Amino acid sequence: MKKVLKFPFDFYWGTATASHQIEGGQNNDWSVWEKKVAKKLAKNSKKSFKKNPNWQKFQSEAENPDNYISGQACDSWNKFEEDFNIIQFLGLKAYRFSIEWSRIEPEEGKFDEQAIARYKKMITSLRARKIEPFVTLWHWTLPIWLAEKGGTTAIDFPEKFANYAEKLAESFGSEVKFWVTLNEPEIQSSHAYMKGLWPPQKKSILLTIAAIKNLISAHKMAFAVIKRQNKDAQIGVAKHQVAFEMARPTIWNKILKKIADKIWNFYFLDEISEHQDFIGLNHYNRNVINGWYGKNPKKVQTDFGWEFYPESIYQCLVELRKYNKPVYITENGLADAHDDLREEFIRRSLVAIHNAISVGIDVRGYFYWSLLDNFEWDKGYWLKFGLVAVDRETTERKVRDSAYVYKDIVEDGFVENDEK
Ligand code: BGC
């Protein structure tokens with residue numbers, strides 16, 4: 001017997017992308033860095049992914065230095081109308097995308113009105129298709145002038161970010177209601193500064209803390225300036241949450257969970273809790289605690305080598321209850337080049353989300369990551385997260401089978417579950 005799980009009628013069914021990953025033709029801290037490290041990343045790929053059972057699938061791509069250079073990406077800077085047609089075809093009601101700061105402010109204090117006009121055109125074009133824009137202001141990349149003075153650790157980073165946010169809020173006016181100031185601040189800070197993997201590759205705990213503190217201030221200042229321009233704006237952060245799950249509720253496991261939750265999941269949200277209208281939840285992983293972290297059974301793994309366990313989103317949603325704010329799932333998805341698992345992933349994730357709604361969590365939208373196969377940061381192009389496959393040579397788009405399944409769910413407004 002199947003049970004029909006109906007979603008609220010005004011639920012924002014959506015999908016998400018980020019500027020650097022899809023637009024192409026960038027001139028920012030990442031595009032400079034990629035050229036320097038591409039050969040090394042290609043050479044080290046086998047070692048980095050030696051535990052990944054899917055290695056064979058992507059070895060030739062991963063060992064090619066070109067894979068690590070964003071280059072023309074999906075050419076969405078030029079092909080955005082085509083992307084929006086696909087979003088419309090899929091029946092989606094919302095699209096989360098990011099603005100590329102380096103295009104808007106290529107030189108400190110000098111705003112490029114043409115670039116602003118292009119993003120305005122995108123917003124109008126989405127609205128014409130009845131697709132609600134969710135605008136992210138910062139999805140990790142930085143203008144070169146800002147990176148040169150320390151990026152997120154620069155003393156005036158919060159002020160620079162607020163100026164940029166104000167300029168956009170003034171330009172977009174009431175055309176944009178939903179604003180995501182920052183994408184996963186702790187992922188960027190930990191990769192750039194704690195692990196030293198991403199630009200500027202400076203390993204330092206002090207810089208990591210400085211970056212996080214600055215991002216907290218940057219968010220608060222941006223929140224205030226956007227509200228000043230548009231009092232109806234709804235503003236939040238896209239927060240990376242991990243479901244820390246205890247295998248057994250021993251005292252030691254409880255201590256480990258408390259520490260991890262506080263540092264990774266709740267610190268940032270607690271700091272900004274008075275300065276957000278909603279919580280953006282980005283969710284990809286659980287972390288099973290059994291004497292120590294990372295004891296996941298990993299029965300099935302995605303192309304990334306991540307455990308396939310869509311149900312973990314339920315725990316993350318329930319644990320956000322204490323903030324008493326609406327939640328939008330601003331990212332959730334998987335790398336699956338052959339589209340073997342995506343359909344099941346989407347269904348099971350939606351069942352878990354529906355379960356969270358049934359116990360009173362105010363979930364108002366779901367953005368599958370990602371619309372397109374795109375540039376997956378230091379992994380390059382071999383990981384395919386897209387509802388839509390993108391040919392690397394021609395950038396031709398092809399809607400995957402799983403996207404049709406998502407389309408059906410969206411059009412029905414419900415997902416089916418096996419009755420227990
Ligand atoms: C990021 C995306 C990225 C995705 C998959 C998220 O943490 O926001 O930019 O593509 O993870 O790795």
Side-chain angles (χ1 to χ4, degrees), residues 18-38 68-73 76-77 97-120 135-172 179-185 187-193 196-204 206-226 229 237 375 377-378:
S19 56
H20 187 73
Q21 296 180 269
I22 64 163
E23 283 179 355
Q26 302 296 5
N27 185 20
N28 57 32
D29 60 335
W30 269 81
S31 64
V32 171
W33 180 77
E34 290 155 19
K35 291 180 196 117
K36 281 197 240 152
V37 298
Y68 300 93
I69 295 184
S70 56
Q72 68 168 347
S76 291
W77 184 246
F97 64 102
S98 77
I99 309 283
E100 180 58 41
W101 189 350
S102 60
R103 289 191 193 275
I104 303 294
E105 197 178 356
E107 283 177 60
E108 185 170 357
K110 290 197 183 137
F111 294 106
D112 181 335
E113 295 298 335
Q114 272 183 357
I116 296 176
R118 170 73 68 109
Y119 284 114
K120 266 175 125 168
V135 170
T136 307
L137 289 176
W138 179 73
H139 201 122
W140 301 344
T141 46
L142 294 167
I144 290 168
W145 59 264
L146 182 53
E148 279 171 354
K149 52 180 191 166
T152 54
T153 66
I155 196 134
D156 54 354
F157 176 83
E159 187 193 321
K160 295 290 159 196
F161 184 70
N163 289 344
Y164 157 69
E166 184 162 36
K167 176 71 186 174
L168 291 180
E170 191 185 277
S171 308
F172 298 161
W179 296 82
V180 174
T181 54
L182 308 172
N183 183 69
E184 300 181 354
I187 288 273
Q188 196 275 345
S189 308
S190 62
H191 281 57
Y193 297 108
L197 295 172
W198 289 358
Q201 292 193 286
K202 285 192 183 152
K203 252 185 167 179
S204 150
L206 289 180
L207 287 177
T208 312
I209 296 169
I212 288 288
K213 295 264 178 210
N214 258 353
L215 287 162
I216 290 167
S217 311
H219 167 81
K220 288 185 183 169
M221 285 172 75
F223 181 88
V225 297
I226 298 169
Q229 296 292 334
V237 162
F375 182 72
W377 307 107
D378 58 334

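When a residue number appears, it is its place in the shown sequence, counting from 1. Everything numeric in this text was worked out from a predicted model, so none of it was measured.
The backbone N or O of Gln26 lies less than 3.5 Å from a partner atom in the side chain of Ser31, making a donor-acceptor pair. Not a single donor-acceptor pair under 3.5 Å links the side chain of Trp140 to the backbone N or O of Ile187. Of the possible donor and acceptor atoms, none in the side chain of Thr208 sits under 3.5 Å from a partner among the backbone N and O of Ser190.
Of the charged side-chain nitrogens involved, none lies within less than 4.0 Å of a carboxylate oxygen, so that Arg103 and Glu100 do not count as a salt-bridged pair. A salt bridge links Glu108 with Lys149: the distance from a Lys NZ or Arg NE/NH1/NH2 to an Asp or Glu carboxylate oxygen falls below 4.0 Å. Checked for salt-bridge contact, Glu113 and Lys167 meet the test: a charged N lies under 4.0 Å from a carboxylate O.
Note on ring orientation: taking the six-membered ring where Trp is involved, the planes of Phe375 and His20 are perpendicular (angle over 60°, cut-offs 30° and 60°).
Remark: the Gln188 side chain and the Trp138 side chain contain no N/O donor-acceptor pair separated by less than 3.5 Å.
Using a 4.5 Å cut-off on side-chain heavy atoms (C-beta onward), Phe223 and Trp179 make no contact. Residues Leu137 and Trp101 fail the side-chain proximity criterion, which asks for heavy atoms closer than 4.5 Å.
Taking the centre of each ring, Tyr119 and Trp77 come in below the 6.0 Å mark.
The two residues Asn28 and Ile144 come nearest to each other via the heavy atoms C-CG1, 3.7 Å.
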